[in-house]
Asks: 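So that we are looking at the same thing, I have put the structure below in structure tokens.
For clarity, every value in this text was computed on a predicted model and none was experimentally measured. A, B, ... follow the sequence lines: proteins, then strands. Residue 1 opens every chain.
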Protein chains: 2
Amino acid sequence: MQRDKPNRDRAQHDRTQREKVQEPLARSRRPSAIEVARLAGVSQSAVSRAFTPGASISPATRAKVMSAAEQIGYMPNAIARSMITRRTNIIGVVLGNLEYQFYQQALRVLSLRLQEAGRQVLLFTVPPGGDLDALLPQVLQYQVDGVIIGAATLSSDMAAECERRGTPVVLFNRTVPGVPAHSVTSDNYGGARLVATLLVRAGHRRFGFIAGHRDTSTGINRERGFYEGLAALGIDTAAQVVRMEANYSYEGARQAVLSLLAEGPRPDAIFGANDMMAMGAIDAAREAGLRVPDDLSVIGFDDTPQSAWTAYALTTLRQPIEELVEASVDLILGLHDQPSNRRTIVEVPVLFVERGSARLPRPEEAVAITGGQRSDTVPEPAAKPARKTERRRSRGRKVA
Amino acid sequence: MQRDKPNRDRAQHDRTQREKVQEPLARSRRPSAIEVARLAGVSQSAVSRAFTPGASISPATRAKVMSAAEQIGYMPNAIARSMITRRTNIIGVVLGNLEYQFYQQALRVLSLRLQEAGRQVLLFTVPPGGDLDALLPQVLQYQVDGVIIGAATLSSDMAAECERRGTPVVLFNRTVPGVPAHSVTSDNYGGARLVATLLVRAGHRRFGFIAGHRDTSTGINRERGFYEGLAALGIDTAAQVVRMEANYSYEGARQAVLSLLAEGPRPDAIFGANDMMAMGAIDAAREAGLRVPDDLSVIGFDDTPQSAWTAYALTTLRQPIEELVEASVDLILGLHDQPSNRRTIVEVPVLFVERGSARLPRPEEAVAITGGQRSDTVPEPAAKPARKTERRRSRGRKVA
DNA sequence: ATGAAAGCGCTAACAA
DNA sequence: TTGTTAGCGCTTTCAT
């Protein structure tokens, strides 16, 4: 392309190359406001005003502009606009774990809600084994108006960097102590503790707990809640609880429970730190010839769509995705009434969903245990065939 | 804000509002290249060059710039850069149906691959009952370098509009006749036809087919493939096939099959247009007291993670998500070797995954049916406990 | 190898 | 209400 050849040769050359080389996606110029202005016989700022909702412009002028715009297919350039308004209307969403149902659902709702609020989602995925801190500069380069992070731990350095640049950060479904960022979680501790209480009251005495990772705040709190709930009712957790770890996966949990059942004296209840692991536990139990819940109670956490399927009818704690998302969006858009320099922590209660996979105390008794809070007004997600007799909310709180 | 008040009042008013009203997220100015230049004692263009890989700049200058940049936390503004380079490196990804496993997985892989290619994903979700054509102008305003569409039907008007603006479009997992856009699908027709062949050869004579929507190219081709495959082997599809429709949902399929089994003479095989519906069929069959596959064979389409779970062990056709995504990304980045003004259609073969939910012909016979193509070299997805004895590829083709 | 200058397409402040 | 003007932060000629 550098050489100066006769014109005919050059043309020939270009046409040949075009077939193979990756080129800057040859684009026919997009019309600009100036061209519209010329065609409509107005100034370029008039064009800008025509496309700005509250702007001071006469209907006549706006009409002229709009018709000219339509004629040549003009559409304002959101990128150029953002340069001067200093808002891109883009929210960065950073997720790892996109293979987990919970985050997939969360992303779906997040995208919907942010779009409703007139914002766009710039999606980043932390690759397996990848580093969040390495990704964040990329998202900042795109001048996002805020970042919602639902991925592995954020270093406080990186959070401080965002802070300094004035980009608000919301941690979704996790808390990181000492990091200057807002945070939205569900009441993992309270929910898990409720499970412990209900299981003990129903007469279970030997427990299995399937942990995910040790290093997620979510997992840690569920584990603490469960163990502390058991201990509070006199269970010797060292002797009566077997801890397994399964990386939040169905297959890991299935294998773990399979060997647990093959070995020692079997537990009469298993609590999985998420639904996928609980379902793995159910399948393992059945493969081992046990009936659920007659021989073994199984409870999960999340309430993914599959847990309602009749093959499992999983009793579980529902993470209120809609509420988590709503809180996150409000926070990131600055719609909260906290002074913006304060760190806000929102904790949303979870909902106990009783289906068929666990023996539980009689309803009256259970209600007494949980303080009598019932919430039958909470709407059910669409498809939910399994019987479901009772729901209770964990306490859930909202801290400033 | 329109009224002209004395200055003091205005100021007062503004300060009060700031606490409650959504405001432009007060941001401490982000450092610009000019500031770096001043600090480093070089010109602003030098700063630009320092951050441009192949640029002509001395190591000494670059070092000075870098250290100054680090000092004040400078990071190039990708938005501003894109104004002049005319590439945002952003790919718009438009999806509906984000409640379906298949699209969730697809999005996960898409995001990963595009990031690897140095691109960002701007995600758009078509809201339930929403309109794709209404969404597309939004994505174009952000000057995306290309759009990958895995949502409802695209009007040819809208596609032409993209074409005119020089924004390449790839239809993901769908084809729309007469629309000037690239398209990537799996061999839905061939896969479904293979299912029909195998079921008939194994002796099944009464069939159920669970369709999703009537208006997706994917669904249409699966239905055509299945019916034509049956007809080709002498099945009277009018008399021996019951068609149900379940909107691709577990619960819809479960209900449909439940009433099917309650009513007439029962089928001996059911083919679901996706896995979720097939799993709904399995649960319905079991609720009705039937054994799968002894009393009823069930086959699905997609190979979602759940189909490997032992409770279902679903025999199904795997959509090769990785390949679909790879083809889409290549196309959208212009890495294909077709002339860019030609419409490219890629069709990827699907893989028959035999688990335990269907009675099938003996392997030798089956191989004969499918032309003997085996592909045991194809890697398995991570967790796949269920037995699985045989795999065959649909024919799959690649058309220019 | 470097700096000066000209914009990319737009909004916002200012005059008229 | 309208047009004129000055940038937003950057890349890219064009001189030097």
Asks: Taking only residues two or more places apart in sequence or in another chain, which ones pass side-chain hydrogen bond (donor to acceptor under 3.5 Å, both in side chains) with Glu326(A)?
Replies: none
Asks: Kindly list each side-chain donor-acceptor pair under 3.5 angstrom involving residues 58-72 of chain A, sequence neighbours excluded, with atom names and distances?
Replies:
from     : atom 1 : to       : atom 2 : distance (Å)
Ser58(A) : OG     : Thr61(A) : N      : 3.2
Ser58(A) : OG     : Thr61(A) : OG1    : 2.7
Arg62(A) : NE     : Ala50(A) : O      : 3.1
Arg62(A) : NH2    : Arg49(A) : O      : 3.3
Arg62(A) : NH2    : Ala50(A) : O      : 3.2
Arg62(A) : NH2    : Thr52(A) : O      : 3.3

Asks: Do you know which two heavy atoms are closest between Val147(A) and Thr167(A), and how far apart they sit?
Replies: CG2-CG2, 3.8 Å
Asks: Sorted by first residue and then second, give each ring pair (Phe, Tyr, Trp, His ring centres under 6.0 Å) pair with at least one member in residues 34-75 of chain A; sequence neighbours left out.
Replies: Phe51(A)-Tyr74(A)
Asks: Would you indicate what Thr61(A) reaches in the nucleic acid, counting non-hydrogen atoms under 4.0 angstrom: base, sugar-phosphate, or nothing?
Replies: sugar-phosphate
Asks: Taking ring pair (Phe, Tyr, Trp, His ring centres under 6.0 Å) as the cut-off, I'd like each qualifying pair that reaches into residues 133-168 of chain A, sequence neighbours left out, listed once.
Replies: none
Asks: For every nucleotide of nucleotides 8-16 of chain D, 5' to 3': is a protein heavy atom under 4.0 Å from its base (B), only from its sugar-phosphate (S), or from neither (-)?
Replies: BBBBBB---
Asks: First and last nucleotide of DNA chain C touching chain B, 5' to 3', heavy-atom cut-off 4.0 Å?
Replies: dA1(C) to dG9(C)
Asks: Tell me every residue that passes side-chain hydrogen bond (donor to acceptor under 3.5 Å, both in side chains) with Asp133(B), counting only those two or more places apart in sequence or in another chain.
Replies: Ser155(B)
Asks: In residues 31-40 of chain B, what donor-acceptor pairs under 3.5 Å come from side-chain atoms, sequence neighbours left out?
Replies:
from     : atom 1 : to       : atom 2 : distance (Å)
Ser32(B) : OG     : Ile34(B) : N      : 3.3
Ser32(B) : OG     : Glu35(B) : OE2    : 3.3
Glu35(B) : OE2    : Ser32(B) : N      : 3.4

Asks: For Ala117(A), give me all partners under side-chain contact (heavy atoms from CB on, under 4.5 Å), at least two apart in sequence or on another chain.
Replies: Arg119(A), Leu333(A)
Asks: Can you name the side-chain contact (heavy atoms from CB on, under 4.5 Å) partners of Pro137(A), sequence neighbours left out?
Replies: Met158(A), Met75(B)
Asks: What stems show up for DNA chain D when you take Watson-Crick pairs (N1-N3 plus N6-O4 or O6-N4) and G-U wobbles (N1-O2, O6-N3), both under 3.5 Å, and require three or more consecutive pairs?
Replies: C:1-16 with D:1-16
Asks: What pairs with Arg113(A) under salt bridge (charged side-chain N to carboxylate O under 4.0 Å, His left out), at least two apart in sequence or on another chain?
Replies: Glu116(A), Glu322(A)
